[in-house]
2 protein chains.
Amino acid sequence: MALRHAVLAALLDEELSGYQLAKAFDLGVANFWHALPQQLYAELARLERDGLVTGRDVVQDTRPTKRLFRVTGAGLAELDRFTASASKPSFLRDDLAVMVQAADHVDAGRLIERLTERAAVARAKTELFGTLLRTMRGDRSEEEFLRHGERIGPYLTCLRGLAFEQGNHDWCERTIAVLRERRAARAGG
Amino acid sequence: MALRHAVLAALLDEELSGYQLAKAFDLGVANFWHALPQQLYAELARLERDGLVTGRDVVQDTRPTKRLFRVTGAGLAELDRFTASASKPSFLRDDLAVMVQAADHVDAGRLIERLTERAAVARAKTELFGTLLRTMRGDRSEEEFLRHGERIGPYLTCLRGLAFEQGNHDWCERTIAVLRERRAARAGG
DNA sequence: CCACCATACTCAAAAAAGTGAGTAGTCATA
DNA sequence: TATGACTACTCACTTTTTTGAGTATGGTGG
């Protein structure tokens, strides 16, 4: 159950409400741990019940009252304990790969459509991650930032996300090229 | 619900029993769709109920009787329909990345241990995938195989798996180097 | 002024995935 | 001769994830 640890890790830098956490997740943590807002609200409630985070209500004039959470000492200890335990292998879970596995038995044109869509999504994500990385390191070079920066965890996970999406993009393009060439060869021969 | 489509895709080439399917999954399909044997048995039963696969009992002398499944016409149609639908974005789900996200707040030594373990696993998988790819293409070059091979789906998904594990490996090594350098700088300064 | 989007959540339920144990025979290894 | 590993499954259970709604208010664009 790493969702709870992902939430703790996301709350390390800032005090956030469930709503803000959901946004932060979408932007950062979702690269390696996707979760829906409902899960986050539920998890925050459990974490508070277990004393790993504390919440406080913040009344706002124009917006509804929100509840901000921050990690407690017990929460930090829990994260540390988590790091000491063996990590499960990371899984890729990909609809598109299932389709490609069946490539020789399904319509190639439609498969190329799906791959093209995915390539575009992957491209957009790499650009987003590039921007995020530049924002995090400010005017420092990556080497310099990673050597002396204060908070490098999110930067390092963002690097993984970037490489992952570049991998997605490259694979889509390569697969599209292969499928097109085979279609052309079949049409020509 | 792509497990059912992953199972269909895995059964395209060969008639397999649940047990064999579990093995085949571990070796190939698990790269993009992990599932436990129990899930596969249950899914095969559902697929047969729905007419997307048919099973036949094979009595063996020394081994228990097994039930072999193959994809039906309806199963192929279902796969084709699946390919026509939009694919969901692929998610990375990684314990280790959660730990790295918290890198600045947890014990660096233990994190390096986890990363080292993962790097080794990733390395082993890249070697396995390399072997698998060579086996699939036989004595042909990759270009040649992808142009004229009969069954390229599994090859293409294996390429994705290879790149993914190489990405894992590179990221682990890079992250280890960064953490070590920071630790050294802290100890020295 | 009305639709729509953003904030800030909650609730219920279904579906999917994972955990743990058990059955039962065969074969190799020590 | 027992120990464990492999074939080939099944069953029960829990946890996790997803789906789909619903509440309530305030601001923005046309």
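Lettering follows sequence order; numbering is per chain, from 1.
- The interatomic distance linking B/Y41 (OH) with D/dA8 (P) rounds to 8 Å, in whole Å.
- Phosphate contact (OP1/OP2 of C/dT7, side-chain N/O of A/S17, threshold under 4.0 Å): absent.
- In the set D/dT17, D/dT18, D/dT7, D/dT18 carries the atom at the smallest distance from any side-chain atom of A/L36.
- Taking 4.0 angstrom as the limit, A/Y19 places a side-chain polar atom (N or O) nearer than this to OP1 or OP2 of C/dT7.
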* To do: Let me see the working for B/R110 and A/D80 under side chain to side chain contact (heavy atoms under 4.5 Å, CB included), right down to the final yes or no.
  => CA-CA 9 Å; B/R110 280 207 296 255; A/D80 205 56; 2.7 Å; yes

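- Look at B/R118 and B/D94 and you find a salt bridge, because one of the NZ, NE, NH1 or NH2 atoms lies within 4.0 Å of a carboxylate O, short of that distance.
- Taking side-chain N and O atoms only, B/T62 has no distance below 4.0 Å to OP1 or OP2 of D/dT7.
- Taking only side-chain nitrogens and oxygens, B/K23 comes nearer than 4.0 Å to OP1 or OP2 of D/dT7.
- The side chain of A/R63 lies closest to D/dG26 when the candidates are D/dT18, D/dG26, D/dT7.
- In this structure, B/F25 atom CZ and C/dA17 atom P are separated by 10 Å, rounded to whole Å.
- When each of C/dT10, C/dA17, D/dT17 is scored by its nearest atom to the side-chain atoms of A/R93, the top-ranked nucleotide is C/dA17.
- A close approach under 4.0 Å does not occur between any side-chain nitrogen or oxygen of B/Q60 and OP1 or OP2 of C/dT26.
- A tilted orientation is assigned to the rings of B/F145 and B/Y155, their planes being inclined by 30° to 60°.
- A/Q20 has no side-chain polar atom (N or O) that falls below the 4.0 Å cut-off from OP1 or OP2 of C/dT7.
- A/E143 has a carboxylate O that lies under 4.0 Å from a charged side-chain N of B/R174, or vice versa, which qualifies the two as a salt bridge.
- Regarding contacts with the backbone of C/dT19, every side-chain N or O of B/Q38 stays at 4.0 angstrom or more from both OP1 and OP2.
- Distance from the side chain of B/M1 is smallest to C/dA16 among C/dT19, C/dT7, C/dA16.
- Considering B/R67, B/R70, B/R4, B/R56 in turn, B/R67 is the only one that fulfils the salt bridge (Lys or Arg N to Asp or Glu O under 4.0 Å) rule with B/E48.
- Rounded to an integer number of Å, the gap from A/L40 CG to D/dT19 P is 15 Å.
- The side chain of A/K88 places no N or O atom within less than 4.0 Å of a non-bridging phosphate oxygen (OP1 or OP2) of C/dA17.
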